[in-house]
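Comments concern the structure below.
Because only heavy atoms are used, hydrogens play no part in the values below, and waters and symmetry mates are left out as well, while side chains stay in.
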Amino acid sequence: MAEIRCPMCGKPNPEERETCSFCQARLKPLTAPPPAASTIRAGEEPLKKPTSDLERAALGGGESIPAGQEPTKKNTAELEQALPAWLRSLRQGEEDKAAEELAAESADETGLPLPSAAQPAPEEGLPDWLAGLGAQAQEEEEELPDWLAGIRGKIGAETGIPASEEPITHPLVGAETLDRLEGEGSAPPAYEIASGRMEAEIGGPQPSGGEEELPDWLSKLEETGPAEAAPEAAAPAFGESLPDWLSGAGEAAPAEAAPEAAAPAFVMGAEEELPPESAAPVFAMETPDWLSSLRPAEGQTPSAERAGESQAGMAEEEIAPAELPSWVQAMRPVEAVVSEVEIPTTEEEQMTESEGPLAGLRGVLPAVPGLGAVRKPPPYSIKLKVDEAQQRYAAYLEQLVKRENQPRRPTAPPKAGAANLLRWLIALFLFLVVGLPLAGGLRLDGVNQFLTPPDVAAASDVVSALPDNAPVLVAFDYQPALAGELEAAAGPLMQHLFYRGARLTCVSTHPMGPALAEHFVGRLAETQSFQPADRSLNLGYLAGGAAGVFDFLLDPLAYLPPPAEGVPDPRQSVPLSGVQELSDYALLVVLTDDAETGRIWVEQMTALGLRDEVPLVMVVSAQAEPMMRPYYDSHQMDGLVSGLAGARFYEQRVSLPLQTAAPYWSAFSLGLLLIVAILAVGGVWNAVHAWRSRQPAAEEKED
Amino acid sequence: MKLRGLLSTAFAIAFGLIVLLGYFLEFQPFYGLRLIFVEWAVILAGFAVLVGLGNLVTVHIKKIRAREKGGFYGLLLIFSLLMTFLAGLAWGPEHPNMVLLFRTVQFPVEASLMALLTVSLAYASVRMLRRRLNLFSVVFLGTVLVILLGTASLPLLGDVPFVGDWVRPFVSQVIAGAGARGILIGVALGTLTTGLRVLLGADRPYGGK
Amino acid sequence: MTTTLSTEWISGLVSFLLTVMVFSYLWKDNALFRLAVYLFVGVSAGYVGAVVCRQVLLPRLVLPLLEGDLLVVFPLLLGLALLGKLSRRTAALGNPSLALMVGVGAAVAVGGAVLGTLIPQVQATIAHFELDPNHSMAEQILDASTFLIGTVTTLAYFHYGARPGVQGPQRSKLVTLLGWVGQIFVAITFGVIFAGVYAAALTALIERLSSLRLFLGLLF
Amino acid sequence: MTPLWLGLVGLVLVLVSGGAMLGLAVLRRKTPPTFREIAAFQRLQDAIGRAVEDGSRLHLSLGRGGLVSPQNASALAGLSALRRLASLTSASDNPPVATAGDAGLAMLSQETLYSAHLASLVTTAFDPTTGRLTGLTPFSYAAGALPILSDENISASILLGNFGPEVGLLTEADERQGMFTLAASDSLSAQAILYASAEELLIGEELFASGAYLNAGPLHKSSLIVQDWLRWLVIVALLLGFVLKLAGVL
């Protein structure tokens with residue numbers, strides 16, 4: 001049996017089929033093959049009847065727009081019933097202003113003056129949210145900075161745009177609106193969508209969204225002479241203000257790109273409506289750029305050829321494209337295969353009805369019965385000219401579309417009951433195992449076989465080497481949530497400082513730091529019976545991140561409030577006695593849970609050349625250790641204590657009378673061991689479960 | 001683009017570029033201007049916090065008015081926020097009463113929320129292999145086990161030999177150190193291009209796009 | 001003294017209750033948990049607001065203004081405009097102020113990324129290859145090589161460029177191989193840091209439980 | 001102080017990167033680059049579709065990195081993604097809700113959602129509370145976001161920004177609600193937690209690629225190309241340094 005290859009997807013179809021069984025593209029002309037004699041005369045108006053018929057067929061019942069009629073009103077009026085309520089309200093006269101504004105804002109997005117009343121039309125046949133998605137077709141455009149758009153303007157100009165070309169405004173969009181245009185994507189008017197869809201049906205160009213990507217046939221037009229090329233080519237250059245009467249031809253691109261960019265393929269309705277490319281979702285990875293090689297822009301597919309021929313036909317006619325409504329241009333390629341009727345032009349030539357309901361009316365029905373004389377259509381090759389790569393791409397595209405059609409099985413969330421039970425069990429065991437040693441003062445930590453790590457030893461040596469009553473600067477740069485760990489980790493070092501009689505100046509780059517400092521120092525003071533005020537001064541919060549730390553290191557005392565009467569001057573306080581600048585401090589201790597904050601202190605100290613003058617020791621949360629250790633290894637700090645483990649080593653090395661880390665250690669070790677057991681058992685169990693549940697899935701795939 | 005949009009974009013680009021120059025050319029006038037503009041930005045961030053407080057309050061007032069779920073909690077939030085704010089303004093954040101408030105409310109709640117993570121993270125790790133069973137997940141989980149085991153002390157036996165004194169340091173300092181460097185350098189590259197997009201006026205989250 | 005004691009006692013009781021209320025989230029999201037959370041959000045926001053007013057706006061804006069420093073007039077005006085964000089009607093007034101923050105923030109980010117991370121991290125990584133004659137050469141070379149391989153493969157893992165293929169975009173074989181090794185390093189790195197976070201959380205839990213025990217000890 | 005030579009090296013690096021981004025953005029508009037597939041974005045696409053279809057909301061969290069801090073870049077990347085998501089769901093009954101732990105970011109999220117609202121065809125009044133500040137400290141921010149996740153019919157939660165350990169609370173809340181979670185952060189501790197707890201994770205710098213993968217524009221795509229160039233520059237520098245160090249030259 002003879003087969004016909006579909007001009008759209010290139011798949012073989014039985015000869016007798018009207019439409020492609022794969023992509024629903026039309027395989028045969030809608031009208032009977034015309035006699036050979038017929039030719040089209042320049043200056044002829046396109047026929048209403050056949051084109052509308054064709055459009056209806058091609059659009060699957062979509063409304064047609066007769067020639068010479070303002071398309072907007074008619075379309076939206078007919079769509080009235082199909083429109084969502086809020087859109088219908090747009091059509092109410094009293095809301096014209098709102099519609100204007102909406103159009104202006106959309107224009108702001110798209111760069112196209114948008115007829116607000118025509119706005120709803122693009123949603124025809126699509127789920128209405130797609131309209132919103134469609135608005136993103138040209139987001140790439142807006143992405144470039146405005147001044148950069150000028151460069152594109154130049155590029156466009158090189159493609160033959162008269163620099164003086166003035167954008168023509170749409171009646172519905174004021175000049176003020178045009179000023180605001182930035183070139184964002186927007187849903188095009190109805191007739192643009194129609195033309196875009198029609199081009200899709202006949203394999204018209206489908207640029208990927210960049211405005212300067214001229215459709216192939218359009219760029220051919222440029223060669224035919226400035227009279228035709230200029231208005232068309234203006235699209236890329238002055239895309240921001242492209243008048244929509246002109247956009248019909250040039251804007252097949254946005255009209256097409258809107259659904260293409262916006263319609264994720266899981267919207268079945270959209271898939272039925274749109275050509276396969278249209279099903280590709282917005283994501284770059286979903287529409288790999290090789291798809292552009294499938295597009296007629298390469299000028300290789302018959303669709304592009306046809307488009308080119310149709311434009312050649314246009315060139316033959318002495319009608320400037322600018323004078324044609326866009327939908328007519330969209331019809332052009334179709335007209336090439338449509339039979340045409342010579343319509344009597346003068347009244348005399350037209351016959352008067354003598355009977356029936358039309359009695360007395362003249363020229364109502366065509367003078368020539370039937371389709372009349374038809375011209376010979378240009379020869380078409382139904383053979384698809386595609387190379388291997390394109391075939392491969394087409395296959396991949398098909399895979400993509402198929403994959404999109406299959407409903408994706410979302411990963412089933414765990415059953416709430418089982419999940420909660422697991423949580424409760426973990427919590428129960430954890431609280432018991434951690435709580436028991438705390439409650440009973442149990443000590444299971446055994447003997448420590450390891451030597452003190454060098455970073456902890458170095459930290460304790462620095463503190464031991466401090467002169468008595470030395471001024472020490474301490475940065476409390478952690479958040480309250482980590483205070484539990486940081487206070488345990490820094491406890492031994494801070495105790496050690498107080499035993500050495502150190503006078504503390506507290507600062508913080510965290511807004512909660514002042515309270516944390518007071519809290520920590522207050523707790524230490526309780527255990528060691530001294531008045532915090534005698535031994536520490538809180539300078540408060542350093543805003544500005546790295547810049548704030550830099551300023552502070554330059555002049556620490558500048559952060560003190562100016563001396564006031566009746567208020568004791570902190571400069572005279574014990575902690576600050578003998579301190580004029582940072583180098584007067586004997587040590588800088590940074591307590592932090594965040595590697596970034598630690599890095600700031602290290603870098604600013606290094607940048608100001610203070611590293612040789614003031615030793616730097618850090619107490620960090622266990623989570624920050626891997627990021628902070630390199631600074632110790634590269635000698636940018638003099639000591640490092642990380643987490644409770646570090647504190648425990650510090651405590652053992654210094655042998656402080658009051659141990660703060662040790663009481664925690666047993667509970668900590670037991671807790672860790674419990675979690676190790678839970679993770680090991682639970683991990684294996686879930687791995688087996690996952691592996692077994694994979695088997696049926698794999699079998700399904702094989703089937 | 002509207003005039004206001006142009007002004008905003010001009011502000012972002014101009015101030016941003018000058019501060020950027022101040023970073024790389026640490027001499028006058030760039031360096032001085034950088035310090036001044038960063039100072040201005042810090043002051044504006046201070047104002048932003050006030051606006052944020054307003055945002056926090058209005059969101060919950062709206063909930064209360066609409067009698068949405070959680071309206072009462074919103075009332076509690078607004079009350080505690082205003083009381084703390086006014087008290088903090090009057091006494092200052094280091095005042096004993098403010099420290100007491102911090103110790104009574106903020107510290108226990110934050111520390112407890114952190115403590116909740118022991119259960120959340122354990123649960124997530126246990127479930128991870130069911131959700132994503134591949135070599136990398138297994139390596140991740142194995143590493144967690146080794147590091148935790150190397151950190152703990154066995155009851156009565158003390159620290160775990162070999163794992164604690166050799167494997168843990170090598171894995172955490174060499175392998176993790178290398179991985180962390182790679183990730184941090186990559187993040188720095190991403191930060192560079194993201195920041196440049198703002199400075200080029202391509203990303204305009206301040207009322208542009 | 002009794003006042004202080006009673007205050008401390010009430011504070012202990014409230015913090016005890018709040019801790020229990022937060023832990024009740026382990027059972028399920030419940031009213032007690034929400035009560036504690038909303039109270040906490042309000043208190044922390046109020047505290048931060050007060051800190052910002054007293055330690056940022058006062059010393060950096062108000063005091064200089066009182067001293068006649070005209071340089072702060074500009075940020076003052078921008079700050080007042082930013083307050084327009086409190087209402088949608090006047091929100092647009094604050095956009096220039098917001099833009100200034102974004103621009104400066106972006107510059108700070110770029111400067112920090114290049115001078116704070118990119119160059120120092122590369123320098124530090126290269127410095128890591130320094131061999132110390134006092135230590136075992138084999139061990140140092142093993143360390144250095146592992147460090148180099150780890151950093152390079154991790155970086156390569158993120159490579160984005162790919163060629164279109166039938167099975168979708170494909171990276172070159174070399175990059176794919178390097179990326180695979182890099183993923184192993186990434187997984188190990190995250191494992192180490194995860195263990196650290198877990199240790200921190202466990203310490204927080206221990207601190208909370210011991211505080212609960214201390215308070216209960218006061219009662220009984 | 002930064003040495004002058006180092007500053008100049010940095011400046012050249014920045015200028016070249018910026019120039020390359022612009023140049024590529026202009027030159028490669030007709031042949032947009034191809035990038036490796038990242039499964040998380042495919043899953044995000046499905047989640048967006050489901051949200052729009054079933055009328056549920058998307059939640060995007062921008063983290064708590066200060067706007068004037070070096071950590072703000074992750075949030076800026078998050079804002080690009082927010083703008084795109086807001087546009088993709090603009091016709092949905094429920095616009096996305098954005099939460100942040102920094103006041104500046106909260107304002108930016110409002111502006112971003114507002115501009116997306118204006119660009120959409122929706123005529124309902126804009127709800128400024130869709131961009132929220134939920135707390136001013138890391139854990140209060142996370143705690144403040146928990147009720148939103150459970151009360152506001154959220155079907156997918158996207159976490160793009162600077163987080164710390166508190167992100168574990170957010171992912172657990174997502175998991176309890178059985179919602180899809182896509183998470184990314186510039187912080188290593190947050191990434192480590194997300195590696196175990198998030199349904200889909202963007203590792204390291206993949207966070208900054210979200211704009212390109214969401215088709216946010218040519219400069220986003222050219223950014224990735226420039227990142228690749230710089231990446232290999234760094235790799236070559238490391239290899240050279242290694243060889244020269246071992247040779248004792250450096």
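- Checking C/Lys85 against C/Asn95 by side-chain atom types alone, a donor-acceptor pair falls below 3.5 Å.
- With a 4.5 Å cut-off on non-hydrogen atoms, B/Ser172 touches chain C through its backbone and its side chain both.
- In this pair, B/Tyr73 and C/Tyr38 present their aromatic rings parallel. The plane angle is below 30°, not in the 30 to 60° band.
- At a 4.5 Å heavy-atom cutoff, C/Tyr160 makes no contact with chain B through either its backbone or its side chain.
- Among the candidates B/Ala12, B/Gly88, B/Gly195, the residue making the largest number of heavy-atom pairs closer than 4.5 Å to chain C is B/Ala12.
- For chain B, no part of C/Ala144 is nearby; none of its heavy atoms comes within less than 4.5 Å.
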For this session: Any chance you could lay out the side chain to side chain contact (heavy atoms under 4.5 Å, CB included) test for B/Met98 and B/Phe102, step after step, and finish with the verdict?
Result: CA-CA 6 Å; B/Met98 295 303 290; B/Phe102 169 82; over 6 Å; no

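- For C/Arg208, the part lying under 4.5 angstrom from a heavy atom of chain B is the side chain only.
- If you measure heavy-atom distances from B/Leu76 to chain C, the contacts under 4.5 Å come from the side chain alone.
- Aromatic ring pairs are classed by plane angle as parallel below 30°, tilted from 30° to 60° and perpendicular above 60°; the pair C/Phe194 and B/Phe140 is perpendicular.
- With respect to chain C, the highest number of heavy-atom pairs below 4.5 Å among B/Ala115, B/Ala178, B/Ser137 belongs to B/Ala178.
- The part of C/Val114 that comes within reach of chain B is its side chain, from C-beta onward, which places non-hydrogen atoms under 4.5 angstrom from that chain.
- Not one N or O on the side chain of B/Thr9 forms a donor-acceptor pair closer than 3.5 Å with the backbone of B/Gly201.
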For this session: Starting from the C-alpha separation in whole Å, work towards a yes-or-no answer on side chain to side chain donor-acceptor pair (under 3.5 Å) for C/Ser15 and B/Arg103.
Result: CA-CA 8 Å; C/Ser15 67; B/Arg103 184 183 297 186; over 6 Å; no

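- For C/Leu57, the part lying under 4.5 angstrom from a heavy atom of chain B is the side chain only.
- Only the side chain of C/Val56 comes within contact range of chain B, judged by heavy atoms closer than 4.5 Å.
- The candidate from C/Val152, C/Thr125, C/Val122 with the greatest count of non-hydrogen atom pairs under 4.5 Å with chain B is C/Thr125.
- Contacts of B/Val49 with chain C are made by side-chain atoms alone, with heavy-atom separations under 4.5 Å and no backbone atom involved.
- Using a distance-only test at 3.5 Å, with no hydrogens or angles considered, a donor-acceptor pair links the side chain of C/Arg54 to the main chain of B/Leu89.
- In this structure, chain C has no heavy atom under 4.5 Å from any part of B/Ala14.
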Problem set entry | Steps toward side chain to side chain contact (heavy atoms under 4.5 Å, CB included) verdict (B/Phe79, C/Leu39) | CA-CA 9 Å; B/Phe79 177 76; C/Leu39 179 69; over 6 Å; no

For this session: Evaluate the criterion side chain to side chain contact (heavy atoms under 4.5 Å, CB included) for residue pair B/Leu56 and B/Leu81; output intermediate values, then yes/no.
Result: CA-CA 9 Å; B/Leu56 206 51; B/Leu81 188 154; 3.7 Å; yes

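- Formation of a donor-acceptor pair under 3.5 Å by the C/Ser97 side chain with backbone atoms of C/Leu78 is found in this model.
- With a 4.5 angstrom heavy-atom cutoff, C/Gln121 touches chain B via backbone and side-chain atoms both.
- The parts of B/Ile43 that come within reach of chain C are both its backbone and its side chain, each placing non-hydrogen atoms under 4.5 angstrom from that chain.
- Using a 4.5 Å cut-off between heavy atoms, B/Leu135 touches chain C through its side chain atoms alone.
- Chosen from C/Leu148, C/Val48, C/Leu26, C/Leu17, the residue pairing most often with chain B at heavy-atom distances under 4.5 Å is C/Leu26.
- C/Phe74 and B/Phe11 have tilted rings, their planes meeting at an angle from 30° to 60° on a 0 to 90° scale.
- For B/Ile36, the part lying near chain C is the side chain, with the backbone staying farther off; criterion is any non-hydrogen pair under 4.5 Å.
- Comparing B/Gly46, B/Gly177, B/Gly182, B/Pro93 by how many heavy-atom pairs each has under 4.5 Å with chain C, the most go to B/Pro93.
- Here the side chains of C/Arg60 and B/Val42 are in contact, with some heavy-atom distance below 4.5 Å.
- Contact count against chain B (heavy-atom pairs under 4.5 Å) is highest for C/Thr19 among C/Thr19, C/Ile149, C/Thr117.
- When all heavy atoms are compared, the tightest approach of B/Val139 to C/Ile188 is CG1-CG1, 3.5 Å.
- The parts of C/Val192 that come within reach of chain B are both its backbone and its side chain, each placing non-hydrogen atoms under 4.5 angstrom from that chain.
- Neither the backbone nor the side chain of C/Ile193 comes within less than 4.5 Å of any heavy atom of chain B.
- Shown here for C/Met101 and B/Ala48, the closest heavy-atom pair between the two residues is CE-CB, 4.1 Å.
- Counting heavy-atom pairs under 4.5 Å between each of B/Arg34, B/Met83, B/Glu110, B/Gln173 and chain C puts B/Glu110 at the top.
- For chain C, the nearby part of B/Val198 is the side chain; its heavy atoms alone come within less than 4.5 Å.
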For this session: Carefully, step by step, assess C/Thr146 and C/Asp143 under the rule side chain to side chain donor-acceptor pair (under 3.5 Å).
Result: CA-CA 5 Å; C/Thr146 315; C/Asp143 279 13; 5.4 Å; no

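- The candidate from C/Leu100, C/Leu115, C/Leu209 with the greatest count of non-hydrogen atom pairs under 4.5 Å with chain B is C/Leu100.
- Below 30°, between 30° and 60°, or above 60°: for B/Phe30 and B/Phe27 the angle between ring planes is above 60°, a perpendicular geometry.
- Of the listed residues B/Gly54, B/Gly186, B/Gly92, the one with more heavy-atom pairs under 4.5 angstrom with chain C than any other is B/Gly92.
- In this structure, the side chains of B/Ser125 and B/Leu141 come closer than 4.5 Å at one or more pairs of heavy atoms.
- Residue contact with chain B, scored on non-hydrogen atoms closer than 4.5 Å, involves the backbone and the side chain of C/Val108 alike.
- Contact count against chain B (heavy-atom pairs under 4.5 Å) is highest for C/Ala124 among C/Ala124, C/Ala199, C/Gly105.
- Proximity to chain C is limited to the side chain of B/Leu53, based on heavy atoms less than 4.5 angstrom apart.
- Note on B/Gly16, B/Pro108, B/Gly142: by heavy-atom pairs under 4.5 Å with chain C, the leading option is B/Pro108.
- Counting heavy-atom neighbours within 6.0 Å of C/Glu139 CD, excluding the residue itself, gives a total of 12 or less.
- Looking at C/Ala200, both its backbone and its side chain come within 4.5 Å of chain B, counting heavy atoms on both sides.
- Of the atoms belonging to C/Phe23, heavy atoms from both backbone and side chain fall under 4.5 Å from chain B.
- In this structure, no portion of C/Ala91 lies under 4.5 Å from any heavy atom of chain B.
- At a 4.5 Å heavy-atom cutoff, B/Ala10 makes no contact with chain C through either its backbone or its side chain.
- Listed options C/Val104, C/Ile206, C/Leu202, C/Leu98 were ranked by heavy-atom pairs under 4.5 angstrom with chain B; first place goes to C/Val104.
- With hydrogens and angles disregarded, a donor-acceptor distance shorter than 3.5 Å links the side chain of C/Asn30 to the backbone of C/Ser24.
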Problem set entry | From CA spacing to verdict: side chain to side chain contact (heavy atoms under 4.5 Å, CB included), C/Val110, B/Tyr23 | CA-CA 9 Å; C/Val110 171; B/Tyr23 262 96; over 6 Å; no

